Amino acid sequence: MSSFESTREDYRSGFVALIGRPNVGKSTLVNKFVGEKIAITSPVAQTTRNRLRAILTTPKAQLVFVDTPGIHKPHHLLGERLVASSKKVIGEVDTILLVLEGCESPGRGDAFLVNLLKAQSIPVVIALNKWDLVQGSDRKKRIKEYRTLVDSDDWLIFCCSGLSGDGCDGLIENISVSLPVGTYLYPSNIISDQPEEILLSELIREQVLLNTREEIPHSVAVKIDRVEEMPLKKKKGDVSKRTAVLATVLVERKSQKGILIGKGGAMLRTIGQGARLQMQKLINGPVYLELFVKIVPDWRSKPGRLTELGYEGK
Ligand code: GDP
Ligand code: MG
């Protein structure tokens with residue numbers, strides 16, 4: 001990677017915010033672009049809480065993706081912070097990647113977003129995502145519907161799939177040319193600006209959401225208590241190591257703690273097992289993971305707790 005010549009005169013670099021309704025596939029696209037799991041994804045809406053930056057360095061450009069939580073109607077203090085953080089990010093980046101759900105006709109939420117972005121003078125590239133789910137015979141009609149919605153020749157529309165990667169190269173190419181001329185913003189060999197602890201806690205939160213579905217969604221947070229390298233000592237003289245991770249899962253109610261732990265601890269074991277496997281991929285080595293569950297009533301409404309857990313204020 002480091003052999004890329006960022007000294008070429010037409011090299012481009014900049015920040016790209018992914019904007020879109022919850023669950024359209026923003027995090028999946030970021031992961032596909034960068035080729036590693038950075039942003040957590042799940043079938044449950046609004047999984048992305050923190051603003052994650054993922055960095056893609058190509059021979060032509062360095063793209064710093066800012067993954068945002070979906071824009072939606074706020075219900076809690078946490079919800080308000082998510083929406084505020086998405087709106088703020090629009091003013092802080094060079095290009096917007098507007099992600100729309102290509103497998104459905106445009107709706108009111110899409111019109112809201114298009115109008116929100118039209119009010120800003122910022123380049124916008126559109127990803128019609130989940131194109132793998134669109135029948136061949138519907139494709140022309142669908143593109144026409146979205147062109148009518150967008151009603152601008154300045155915004156290019158790309159059909160793509162964050163799952164298969166189809167169409168992503170063209171998307172990257174065109175986002176790249178919309179960025180200002182400039183050199184690297186980050187070292188060319190890194191893919192995330194998040195500390196390892198945040199990435200680790202997000203992997204646990206993802207497993208909680210995947211395994212518990214509707215019961216838990218937003219009332220869970222994860223705090224990494226300790227990360228330590230420990231000798232494995234499988235045999236005498238063995239110097240290999242594994243990483244020990246101790247983490248606490250915070251919930252709001254006793255009933256939620258019950259669900260998370262499960263019968264005889266079965267659920268917590270499933271969550272831990274899933275998270276451990278993902279962590280091993282991220283760390284590239286063996287991981288030992290110990291999870292605790294703690295009840296903190298109403299943590300979502302407590303500004304101090306939100307800040308401690310890394311959710312930025314307004
Ligand atoms: P976000 O809320 O916009 O970040 O959405 P996620 O990236 O978390 O994705 C939401 C769900 O849509 C997940 O279940 C993904 O697997 C799924 N998904 C994302 N992109 C695609 C795609 O291109 N095709 C299909 N079939 N599913 C996708
Ligand atoms: Mg997301």
Side-chain angles (χ1 to χ4, degrees), residues 16-54 56 65-75 78-79 81-83 85-87 89-90 96-107 109-110 112-114 116-117 124-136 138-139 142-143 146 157-172 192 194 198-199 201-214 216-218 220 274-275 278 311:
V16 182
L18 284 95
I19 300 283
R21 288 187 291 114
N23 238 17
V24 294
K26 298 180 293 298
S27 301
T28 306
L29 276 171
V30 168
N31 289 336
K32 194 50 135 192
F33 293 159
V34 179
E36 284 207 34
K37 188 153 190 142
I38 292 184
I40 75 163
T41 61
S42 105
V44 184
Q46 294 148 38
T47 25
T48 307
R49 284 201 189 141
N50 281 297
R51 280 205 248 143
L52 290 168
R53 285 182 185 160
L56 173 66
F65 293 102
V66 187
D67 187 13
T68 64
I71 292 185
H72 66 112
K73 253 170 107 184
H75 294 294
L78 173 61
R81 285 196 180 183
L82 294 181
V83 175
S85 116
S86 292
K87 284 192 176 163
V89 84
I90 296 175
I96 302 285
L97 177 58
L98 174 59
V99 184
L100 301 171
E101 193 138 85
C103 61
E104 282 173 15
S105 293
D110 302 311
F112 169 79
L113 281 176
V114 166
L116 183 80
L117 294 175
V124 174
V125 176
I126 294 178
L128 269 192
N129 195 35
K130 306 198 185 178
W131 202 242
D132 53 297
L133 298 178
V134 186
Q135 299 288 337
D138 288 342
R139 293 188 165 182
R142 191 54 51 77
I143 292 175
Y146 276 97
I157 300 179
F158 291 88
C159 306
C160 63
S161 167
L163 271 195
S164 71
D166 283 350
C168 288
D169 287 349
L171 198 51
I172 295 294
S192 172
Q194 291 288 316
I198 297 274
L199 298 177
S201 68
E202 289 288 272
L203 292 177
I204 298 171
R205 210 161 59 80
E206 175 174 53
Q207 290 300 318
V208 171
L209 295 175
L210 279 173
N211 287 289
T212 60
R213 293 292 178 96
E214 280 82 34
I216 307 279
H218 305 301
V220 67
Q278 295 291 348
Y311 304 123

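Just so you know, ligand 1 is whichever comes first in the structure, and atom 1 is the first atom listed for that ligand. Please read all numbers here as calculations on a predicted model, not as lab measurements.
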*Distance from Tyr146 atom OH to Cys159 atom SG, nearest 0.5 Å?*
10.5 Å
Can you give me every donor-acceptor pair (side chain of residues 99-106, partner residue at least two apart or in another chain, under 3.5 Å) with its distance?
{"residue": "Glu101", "atom": "OE2", "partner": "Lys130", "partner atom": "NZ", "Å": "2.8"}
{"residue": "Ser105", "atom": "OG", "partner": "Glu145", "partner atom": "OE1", "Å": "3.0"}
{"residue": "Ser105", "atom": "OG", "partner": "Glu145", "partner atom": "OE2", "Å": "3.4"}

*Heavy-atom closest contact (Gly25 atom, Asn129 atom, distance)*: CA-ND2, 3.6 Å
*Under 4.0 Å from any heavy atom of Leu133, which atoms of ligand 1 are there?*
26 (N)
*asked:* Distance under 4.0 Å to a non-hydrogen atom of Val24: what atoms of ligand 1 satisfy this?
replied: 3 (O), 5 (O)
*Atoms of ligand 1 less than 4.0 Å from Gly162 heavy atoms?*
22 (C), 23 (O)
_Looking at every non-hydrogen atom in both residues, tell me the closest pair between Leu97 and Ile126 and how far apart they are._
CD1-C, 4.4 Å
*Under 4.0 Å, heavy atoms only, figure out whether ligand 1 is touched by the backbone of Asp132, its side chain, both or neither.*
side chain
_Distance under 4.0 Å to a non-hydrogen atom of Lys26: what atoms of ligand 1 satisfy this?_
1 (P), 2 (O), 3 (O), 4 (O), 5 (O), 7 (O)
*When you look for heavy atoms under 4.0 Å from ligand 1, do you find them on the side chain of Leu163, its backbone, both, or neither?*
both
*From Leu210 atom CG to Arg205 atom CZ, the distance as rounded to the nearest 0.5 Å*: 11.0 Å
*Just jot down the ligand 1 atoms closer than 4.0 angstrom to any heavy atom of Asn129, in number order.*
20 (N), 21 (C), 23 (O)
_Asp166 CG to Trp131 CH2 distance, which is reported to the nearest 0.5 Å_ = 12.5 Å
*Does Thr28 approach ligand 1 within less than 4.0 angstrom via side chain, backbone, both or neither, non-hydrogen atoms only?*
both
_Heavy-atom pair with the smallest gap, counting every atom of Lys26 and Leu18_ = O-CD2, 3.6 Å
*Nearest-option assignment for atom 5 (O) of ligand 1, heavy atoms, candidates Gly102, Ser27, Gly25, Gly20*: Gly25
